[in-house]
Amino acid sequence: MSFAGVSVIVDGKLVHATTSPTTASASGYHLLVVEGQSRTPEPIKSRCFIIGGHRWYIMFYPNDEHLNNNGYITLWLHLDKEEAPATETVKAQFKFSFVDETDKHKPACIHGRKLSEFEAGGNDEGREAMGKSEHLKDDSFTIRCDIVVVMEEVITTTGPTATASSLIVVPPSNMQRNFTDLLLTGEGTDVAFRVGGETFAAHRCVLAARSTVFRALLFGPMKEGTSAMVQIDDMDAAVFKAMLGFIYGDSLPAPAVQDEDVVMLPHLLATAYRYDLLRLRMMWEKKLCEHINVSTAAVILALAEQHGCEGLKKACSEFLRCPDNLRAVLATDGFDHLCRSCPTLMKDMILGVLPPAG
């Protein structure tokens with residue numbers, strides 16, 4: 001087990017605490033040193049420490065009133081509520097034990113103990129009452145808290161195999177980060193795109209794996225299949241950069257988050273449609289739904305009709321069903337464009353807005 005630091009309480013005050021940089025492992029222990037126990041009348045909280053990727057702390061109660069015996073203390077193990085979501089449940093085995101200088105670093109026998117569930121802020125399973133009399137020396141004692149965090153959702157078997165599996169920490173996938181770094185560093189690039197006066201280096205295999213259009217472009221019989229530089233004339237550089245960010249990172253590029261870039265969203269949607277990036281197309285479509293207003297409704301509706309975005313069309317139609325919204329949109333230039341470019345859509349929209357015949 002890794003060492004997760006020490007908290008020192010002197011005369012009822014937390015006066016010293018250290019933590020170890022190696023405390024993110026699935027198991028570890030924290031030492032609680034109490035000096036001047038008789039001068040510690042009130043409960044006190046230890047320093048937070050990290051085990052199994054979670055922040056923990058110990059609440060020390062100098063006298064357990066429930067046991068009606070001054071020879072006992074109570075210790076509570078808690079998840080730090082400031083670090084863990086209120087809905088998070090962490091499964092762990094834990095044990096408090098008294099130690100002295102000779103056995104301070106001897107692992108506690110913890111593997112046979114029951115599995116407890118912890119929630120941020122506290123729970124009923126983290127409590128342990130301990131008789132301190134025989135361990136009290138010079139009004140002081142040291143307690144070791146051993147914790148094994150179970151990374152699996154449920155332990156379904158018992159015995160050595162189940163215990164061992166709980167000690168194996170499987171890190172989260174970093175594939176997304178790896179591919180994004182590959183784009184940012186430019187290592188191993190074998191094709192470049194000239195867009196809007198800027199040059200973007202990329203990897204043919206990555207683009208082909210993500211887009212059937214790029215696969216045909218870069219590995220097909222066209223000249224781009226052998227060219228090291230591909231010229232794209234009808235696209236803004238910022239739009240192409242955003243698309244590359246999605247291809248490598250599989251998430252919304254930064255421009256989609258900024259309200260001032262809402263003007264770029266229609267171009268991003270069109271680009272996703274052009275390069276057959278369905279997930280990106282749906283993400284832009286959803287983002288556009290958040291920006292439907294009087295000045296944009298007609299333009300977005302025309303774009304949705306052009307690219308067959310049914311969800312976006314429905315969102316615009318719902319907005320225009322309000323008579324006040326429709327009257328305001330009628331006065332915009334976008335509405336004139338909508339009438340010219342999508343006459344059938346306009347007919348359907350008007351019939352949908354008109355009240356049924358009485």
Side-chain angles (χ1 to χ4, degrees), residues 173-258 261-289 299-314 316 337-338 340-345:
S173 172
N174 60 354
M175 182 183 295
Q176 183 183 48
R177 179 75 265 169
N178 294 153
F179 274 87
T180 299
D181 289 344
L182 194 64
L183 174 66
L184 294 176
T185 60
E187 295 180 359
T189 57
D190 55 2
V191 66
F193 295 86
R194 189 69 178 168
V195 186
E198 297 186 33
T199 302
F200 301 92
H203 305 79
R204 292 175 183 270
C205 289
V206 175
L207 299 181
R210 300 281 281 154
S211 164
T212 57
V213 175
F214 273 121
R215 186 183 307 155
L217 179 70
L218 299 175
F219 290 96
M222 294 182 288
K223 65 177 182 179
E224 289 83 0
T226 57
S227 175
M229 177 69 72
V230 179
Q231 180 73 34
I232 299 179
D233 296 319
D234 54 347
M235 187 180 299
D236 186 84
V239 172
F240 188 83
K241 181 179 180 181
M243 180 185 66
L244 278 184
F246 167 80
I247 288 176
Y248 281 80
D250 199 42
S251 60
L252 277 178
V257 182
Q258 306 297 329
D261 290 306
V262 65
V263 178
M264 192 190 300
L265 287 173
H267 302 289
L268 293 165
L269 179 63
T271 300
Y273 182 86
R274 171 178 174 177
Y275 287 99
D276 192 26
L277 297 167
L278 178 61
R279 174 172 159 80
L280 180 59
R281 172 182 164 183
M282 300 306 294
M283 292 168 77
W284 291 137
E285 188 174 338
K286 184 174 182 179
K287 194 67 181 177
L288 276 168
C289 286
V299 175
I300 292 177
L301 183 56
L303 185 73
E305 174 70 7
Q306 178 184 356
H307 296 300
C309 303
E310 295 301 322
L312 191 56
K313 284 172 61 176
K314 290 179 181 179
C316 291
H337 170 72
L338 182 63
R340 292 192 301 269
S341 60
C342 307
T344 303
L345 176 64

Does the pair Leu269 and Lys287 meet the rule for a side chain to side chain contact (heavy atoms under 4.5 Å, CB included), with working shown? CA-CA 10 Å; Leu269 179 63; Lys287 194 67 181 177; over 6 Å; no
Is there a ring pair (Phe, Tyr, Trp, His ring centres under 6.0 Å) between Phe193 and Phe214 once you walk through the steps? CA-CA 12 Å; Phe193 295 86; Phe214 273 121; 5.8 Å; yes
From CA spacing to verdict: side chain to side chain contact (heavy atoms under 4.5 Å, CB included), Asp250, Arg279: CA-CA 9 Å; Asp250 199 42; Arg279 174 172 159 80; 3.1 Å; yes
Applying side chain to side chain contact (heavy atoms under 4.5 Å, CB included), run through Val206 and Leu183 and close with a yes or a no. CA-CA 10 Å; Val206 175; Leu183 174 66; over 6 Å; no
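Atom CD1 of Ile247 and atom OG1 of Thr180 lie 12.0 Å apart (nearest 0.5 Å). Rounding to the nearest 0.5 angstrom, the gap separating the CG atom in Asn174 from the CG atom in Asn178 is 4.0 Å. Note: Met243 CE to Leu277 CG = 6.5 Å, rounded to the nearest 0.5 Å. To the nearest 0.5 Å, atom CE of residue Met282 and atom CG of residue Leu312 are 9.5 Å apart. Taking CD1 from Ile232 and CG from Leu217, the interatomic distance works out to 7.5 Å, rounded to the nearest 0.5 Å.
Phe240 places none of its side-chain heavy atoms less than 4.5 Å from the side chain of Glu198. Side-chain contact between Leu207 and Leu244 is present, with at least one heavy-atom pair separated by less than 4.5 Å. Under the 4.5 Å side-chain criterion, counting only non-hydrogen atoms from C-beta, Leu288 is in contact with Leu303. Looking at Val195 and Lys241, their side chains never come closer than 4.5 Å, going by heavy atoms from C-beta outward. The side-chain heavy atoms of Asp236 and His267, taken from C-beta on, include no pair separated by under 4.5 Å. Counting heavy atoms from C-beta outward, Arg274 and Asp234 have side chains that approach closer than 4.5 Å. Residues Arg194 and Val230 fail the side-chain proximity criterion, which asks for heavy atoms closer than 4.5 Å.
Gly188 approaches His203 most closely through the heavy-atom pair O-CD2, 3.2 Å. Nearest approach of Arg210 to Phe246, heavy atoms of both residues: NH2-O, 3.2 Å. Ala237 and Gly196 make their closest contact through CB-O, 4.4 Å (heavy atoms, listed as atom of the first residue, atom of the second, distance). Looking at every heavy atom in both residues, Arg215 comes nearest to Ala209 through NH2-O, 4.2 Å. Residues Ala304 and Lys313 come closest through the heavy atom pair CB-CG, 3.4 Å.
With hydrogens and angles ignored, the 3.5 Å screen pairs a side-chain donor or acceptor of Ser211 with a backbone N or O of Tyr275. In this structure a side-chain-to-backbone donor-acceptor pair under 3.5 Å is present from Gln176 to Gly249.
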